[in-house]
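What follows is one structure encoded as structure tokens, with my remarks underneath.
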Amino acid sequence: MLESKRQTAVKKYAESIGFIVIKTIRLSEAGHADLFMFRHGKTIFIEMKQPGQDLGPLQKIRQAQLRGTGFVYERCEDVKQFKEIIFKHG
């Protein structure tokens, strides 16, 4: 399945369980997550990837920066994995 279809499925599922979801298209700085999710005072950054595909070098830097300040930044392949992320991080 295309990454865009996986991303749409994750976005729709997240919205169905109460998240406000912002899908990034292009930001002034590279390396930001594909989806910014907000619920119950928490922010979760999700980078969608195809199975087996790793984060790029700049994405790893952004992940470290955001995690270093207490945010959740996760790589995600599909809705099943997103459910695991939500279970882990609330």
Is there a side-chain contact between Arg6 and Lys49 (heavy atoms, below 4.5 Å)?
no
ring-ring contact (aromatic ring centres under 6.0 Å, His included) with Tyr73: which residues, sequence neighbours excluded?
none
For Glu47, what residues pass the side-chain hydrogen bond (donor to acceptor under 3.5 Å, both in side chains) criterion, not counting sequence neighbours?
Gln59
Test of understanding: with side-chain hydrogen bond (donor to acceptor under 3.5 Å, both in side chains), list the residues that count as partners of Gln53, not counting sequence neighbours.
none
Say you draw a straight line from CD1 of Ile22 to CG of Asp34; how long is it, rounded to the nearest 0.5 Å?
13.5 Å
side-chain hydrogen bond (donor to acceptor under 3.5 Å, both in side chains) with Glu3: which residues, sequence neighbours excluded?
none
Worked check of side-chain contact (heavy atoms from CB on, under 4.5 Å) between Glu84 and Gln81
CA-CA 5 Å; Glu84 293 168 4; Gln81 190 175 29; 4.2 Å; yes
List, by chain and number, the other hydrophobic cluster members for Ile86, where Ile, Leu, Val, Met, Phe, Trp and Tyr join if side-chain heavy atoms come within less than 4.5 Å, directly or indirectly.
Val10, Tyr13, Ile17, Phe19, Val21, Leu35, Met37, Ile44, Ile46, Met48, Val72, Val79, Phe82, Ile85
To the nearest 0.5 Å, tell me how far Ser4 OG sits from Lys11 NZ.
13.5 Å
Answer yes if Ile61 and Phe36 sit in the same cluster of Ile, Leu, Val, Met, Phe, Trp and Tyr residues linked by side chain heavy atoms under 4.5 Å apart, and no otherwise.
no
For Lys60, the side-chain hydrogen bond (donor to acceptor under 3.5 Å, both in side chains) test, sequence neighbours excluded, returns Asp54
